[in-house]
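See below for the structure under consideration.
In what follows, chains carry the letters A, B, and so on, assigned in the order in which the sequence lines appear, proteins first and then strands, with residues in each chain numbered from 1.
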Number of protein chains: 4
Amino acid sequence: MTGKKTSVRHEVKSSVKDESLIEKRRDQMIRGAVKLFREKGFHRTTTREIAKEAGFSIGTLYEYIRTKEDVLYLVCDRIYEEVNHRLSPLAEKQGTLAGLKDAIRLYIETIDAMDDEFTVMYQETKSLPRTALSYVLEKELEMAGLFERMLAGCSEAGEIRLSEKEARLGAHHIIVQGQMWAFRRWTLRKQFTLGEFIDMLTDQLLYGVAGCPQEGETK
Amino acid sequence: MTGKKTSVRHEVKSSVKDESLIEKRRDQMIRGAVKLFREKGFHRTTTREIAKEAGFSIGTLYEYIRTKEDVLYLVCDRIYEEVNHRLSPLAEKQGTLAGLKDAIRLYIETIDAMDDEFTVMYQETKSLPRTALSYVLEKELEMAGLFERMLAGCSEAGEIRLSEKEARLGAHHIIVQGQMWAFRRWTLRKQFTLGEFIDMLTDQLLYGVAGCPQEGETK
Amino acid sequence: MTGKKTSVRHEVKSSVKDESLIEKRRDQMIRGAVKLFREKGFHRTTTREIAKEAGFSIGTLYEYIRTKEDVLYLVCDRIYEEVNHRLSPLAEKQGTLAGLKDAIRLYIETIDAMDDEFTVMYQETKSLPRTALSYVLEKELEMAGLFERMLAGCSEAGEIRLSEKEARLGAHHIIVQGQMWAFRRWTLRKQFTLGEFIDMLTDQLLYGVAGCPQEGETK
Amino acid sequence: MTGKKTSVRHEVKSSVKDESLIEKRRDQMIRGAVKLFREKGFHRTTTREIAKEAGFSIGTLYEYIRTKEDVLYLVCDRIYEEVNHRLSPLAEKQGTLAGLKDAIRLYIETIDAMDDEFTVMYQETKSLPRTALSYVLEKELEMAGLFERMLAGCSEAGEIRLSEKEARLGAHHIIVQGQMWAFRRWTLRKQFTLGEFIDMLTDQLLYGVAGCPQEGETK
DNA sequence: AATGAATGAGTGTTCATTCAT
DNA sequence: TATGAATGAACACTCATTCAT
């Protein structure tokens with residue numbers, strides 16, 4: 001997203017020169033890898049399978065990556081790119097409750113559409129090599145930052161009242177709810193439609209458990 | 001937890017007969033495995049490493065399990081046992097808001113104390129063999145069921161007002177937030193203390209994002 | 001041999017595509033395996049040893065087979081192929097006593113030339129997986145069938161007089177004598193030359209123990 | 001059997017002193033081992049299984065043997081003992097054709113009764129350690145010697161006419177046919193009864209393939 | 001740039017054998 | 001004498017990675 005000092009992109013070396021070819025091959029590779037990782041996880045997927053699913057030989061695969069982990073990184077990177085792209089229209093709407101609600105809706109819908117990718121990313125992230133890992137984690141913080149700023153914006157605009165910490169937790173809350181929709185779909189989707197889930201989530205976030213007397217003397 | 005018809009426990013065969021010895025060795029094994037899985041994940045951990053960490057030879061390891069996946073299952077099973085044990089005092093307090101708050105606190109504190117175990121369980125669950133997997137998932141639903149019933153109890157007691165679906169979602173919400181405290185501790189603990197996290201979580205669950213006018217016109 | 005509906009050949013999968021390379025590598029493999037199996041038996045022979053003897057790495061070995069038992073099957077299959085090839089000139093000579101004698105001589109000479117292979121095959125056959133086993137047994141029946149038909153042919157031509165059962169037993173008899181030459185070479189070759197063995201065998205088969213009055217009142 | 005200089009019996013050391021107990025335990029052991037070897041072969045049978053089948057623990061098993069191969073040896077040894085016992089009445093009848101026929105009948109019947117044991121012995125013999133192996137092979141030569149002497153006896157008595165070599169080959173022939181009745185029972189017993197097999201064998205040995213003109217101009 | 005055969009370190013698992021009780 | 005838990009060498013098999021063509 002906006003981000004101040006975006007971390008240095010973890011470079012994946014390729015021995016092929018033609019940039020557009022690299023782009024094309026990695027596309028095929030990522031598409032195949034996501035499918036396989038989703039089905040069997042990163043570790044149970046072999047490089048040969050990735051190559052086959054992508055439509056070329058292992059030899060070729062290794063012309064475009066250096067290690068198997070590169071594939072995982074590429075997948076994670078692609079996911080953030082895509083998410084950023086989908087969420088980019090939000091940047092403007094800051095400062096209004098309606099904008100926040102739209103953002104939440106868009107975010108959850110994005111996850112719903114890319115839930116394989118999300119699941120892969122959250123399950124396999126720890127298999128990334130150090131530098132790639134920190135890049136991905138920073139990406140995630142950026143995303144949390146987006147929602148944090150939206151919440152802060154609403155607060156400044158007087159629509160809600162939140163301390164800095166509360167805004168941070170709220171952002172985290174939204175992110176987590178999204179992950180939940182991807183992660184726990186084995187049970188959630190038996191019980192809720194996408195729309196229901198979004199609505200209830202938003203309600204819960206903004207208004208808490210319905211009907212709870214709003215004194216706020218929690219501690 | 002309470003649970004109606006708890007699913008059949010996935011049995012792990014041992015060729016050793018002395019039950020108390022089995023208990024003891026599996027204890028060692030689980031302790032070692034949790035540590036290693038936490039550090040390197042299930043797949044990157046070797047059975048030899050598990051044996052060594054547990055303090056015996058691979059030969060001995062395999063006297064107490066059949067496959068590597070058995071170790072993972074044993075770890076998951078142990079965690080639920082422990083969690084159940086820790087949360088068991090909650091069973092009575094149903095129906096009051098104070099009881100619910102206590103439950104949330106206890107739950108998050110439990111996770112905080114066992115966060116390695118939780119992280120392992122949530123990251124590696126998908127590597128379990130079919131029958132073990134479904135056993136673990138059912139355990140998780142049981143746990144969600146506990147919170148669901150507490151929420152429903154509060155609702156019946158008139159302390160809060162929730163539809164059945166809302167209670168179910170609220171329960172998931174609690175569970176997932178707990179997972180996040182384990183999972184995302186790399187970032188969360190930089191920003192919140194355990195107490196703060198619990199308080200804000202509770203507030204957010206019950207009252208929503210602070211200061212948001214309570215009309216409830218979401219859609 | 002001739003055979004009506006030869007059983008489906010048990011396929012051994014290879015991940016290498018180049019058929020002629022497969023042929024070549026399997027040749028090396030079979031040659032090495034026969035040597036080792038002869039020396040130490042199937043079970044005492046290591047896949048690594050087979051690979052080494054064949055002149056490549058285990059990795060490569062497993063590019064051309066799926067399991068160790070595949071090697072055994074390949075060995076058995078090769079032997080039958082070779083035997084069939086060597087015995088193929090016999091097909092025509094049916095119906096004459098001279099033809100039968102030639103067949104016996106050729107058969108025993110073949111075994112003499114391939115006695116390591118035969119010994120391996122008869123000693124290790126039971127280690128084959130189900131489908132491969134039945135393929136090999138059928139091959140053996142086919143071979144018995146060849147001699148059975150030759151005997152029946154001689155009988156029809158009036159050169160000898162045999163019931164159907166007797167022809168079957170006679171065929172079995174020939175087969176067994178051949179195996180004996182391979183199997184018991186540790187003692188037989190101290191006592192007989194190949195030629196002597198063949199001659200005596202033929203005599204015994206056709207004329208029985210010399211000088212025995214031919215009444216036939218066995219019981 | 002009679003035997004000139006019977007080879008030194010390969011000793012199997014036991015750490016138990018009580019001879020009659022050794023006898024008893026080894027009995028159990030052999031009985032169990034034969035069953036298992038028959039079913040799965042020597043190599044696929046584990047020492048634990050042998051102990052279990054025998055009715056005691058591995059610890060106990062190893063009080064009565066030193067290595068797994070000792071069990072195999074014990075099995076082979078027992079078989080010869082038993083065969084010798086069964087065939088002992090033959091010793092006298094030497095020198096008559098009727099005696100020879102009886103001997104063949106008794107030998108084949110013995111094998112028929114002990115075919116599991118025979119199959120095991122012939123299939124697994126090569127797994128014996130050097131000294132045990134040569135002991136067993138000598139035992140077999142002793143057995144061949146019995147028949148050889150019977151044939152020679154008949155020849156001296158003028159009942160048949162055989163050179164020394166022919167007698168030796170005839171003896172082998174009988175031995176091998178017996179082995180085949182054990183070994184190839186999967187096909188032979190579909191086609192012949194025990195009685196038929198014995199009769200045809202005897203006929204073939206003494207009179208050759210029925211109806212073949214007896215000039216004897218083989219070469 | 002693409003291929004796929006070759007490699008061998010590494011992994012899960014087994015099992016004969018030992019030894020303290 | 002009997003037991004069975006412990007051991008670790010050994011084995012079949014996999015798979016990421018390389019490299020000659």
Return yes if some donor-acceptor pair links the side-chain N/O of [X] with the main-chain N/O of [Y] below 3.5 Å, else return no.
| X | Y | value |
| --- | --- | --- |
| D/Arg38 | D/Glu117 | no |
| A/Arg26 | A/Tyr64 | yes |
| A/Ser134 | A/Thr131 | yes |
| D/Asp77 | D/Tyr73 | no |
| C/Lys68 | C/Phe42 | yes |
| D/Ser14 | D/Glu63 | yes |
| B/Thr46 | B/Arg48 | no |

Ionic contact status for [Y] with [X], cut-off 4.0 Å:
| X | Y | answer |
| --- | --- | --- |
| D/Glu124 | D/Arg44 | no |
| B/Asp27 | B/Arg78 | yes |
| D/Glu49 | D/Lys40 | yes |

Inset, instruction - Begin with the C-alpha distance, continue with both residues' side-chain angles, and end with the deciding distance and a verdict on side chain to side chain contact (heavy atoms under 4.5 Å, CB included) for D/Leu128 and D/Tyr135. - result: CA-CA 10 Å; D/Leu128 286 171; D/Tyr135 174 74; over 6 Å; no

Name every donor-acceptor pair, under 3.5 Å, that has one atom in a side chain of residues 51-59 of chain B and the other anywhere in the protein, sequence neighbours excluded.
| from | atom 1 | to | atom 2 | distance (Å) |
| --- | --- | --- | --- | --- |
| B/Glu53 | OE2 | B/Lys35 | NZ | 3.1 |
| B/Ser57 | OG | B/Thr60 | N | 3.2 |
| B/Ser57 | OG | B/Thr60 | OG1 | 3.2 |

Among [range], which contact DNA chain F at a heavy-atom distance under 4.0 Å?
| range | result |
| --- | --- |
| residues 119-127 of chain B | none |
| residues 26-54 of chain D | D/Arg48 |
| residues 55-65 of chain D | D/Phe56, D/Ser57, D/Ile58, D/Gly59, D/Thr60, D/Tyr64 |

Legend entry - chain A footprint on DNA chain F, 5' to 3' - any atom under 4.0 Å from a heavy atom: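 Contact boundaries, 5' end first: F/dC15 to F/dT18.
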
Inset, instruction - Please report, rounded to the nearest Å, how far the C1' atom of E/dG12 is from the CG atom of B/Leu72. - result: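 Nearest whole value for this atom pair: 15 Å.
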
Inset, instruction - For DNA chain E, just give me the dot-bracket, please: Watson-Crick or G-U, both distances below 3.5 Å, ( ) intra-strand, [ ] crossing earlier pairs, | paired with another strand, . unpaired. - result: .||||||||||||||||||||

Legend entry - B/Arg25 side chain to B/Gln28 side chain, donor-acceptor N/O pair below 3.5 angstrom: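 Their side chains do contain a donor-acceptor pair, which is all the 3.5 Å distance test asks for.
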
Inset, instruction - Determine, step by step, whether D/Ile65 and D/Met29 satisfy the side chain to side chain contact (heavy atoms under 4.5 Å, CB included) criterion, reporting the C-alpha distance in whole Å, the side-chain angles of both residues, the deciding distance to 0.1 Å, and the verdict. - result: CA-CA 10 Å; D/Ile65 55 163; D/Met29 194 187 309; 3.7 Å; yes

Legend entry - C/Val71 side chain near C/Phe37 side chain, heavy-atom distance below 4.5 Å: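 Yes. Closest side-chain heavy atoms under 4.5 Å.
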
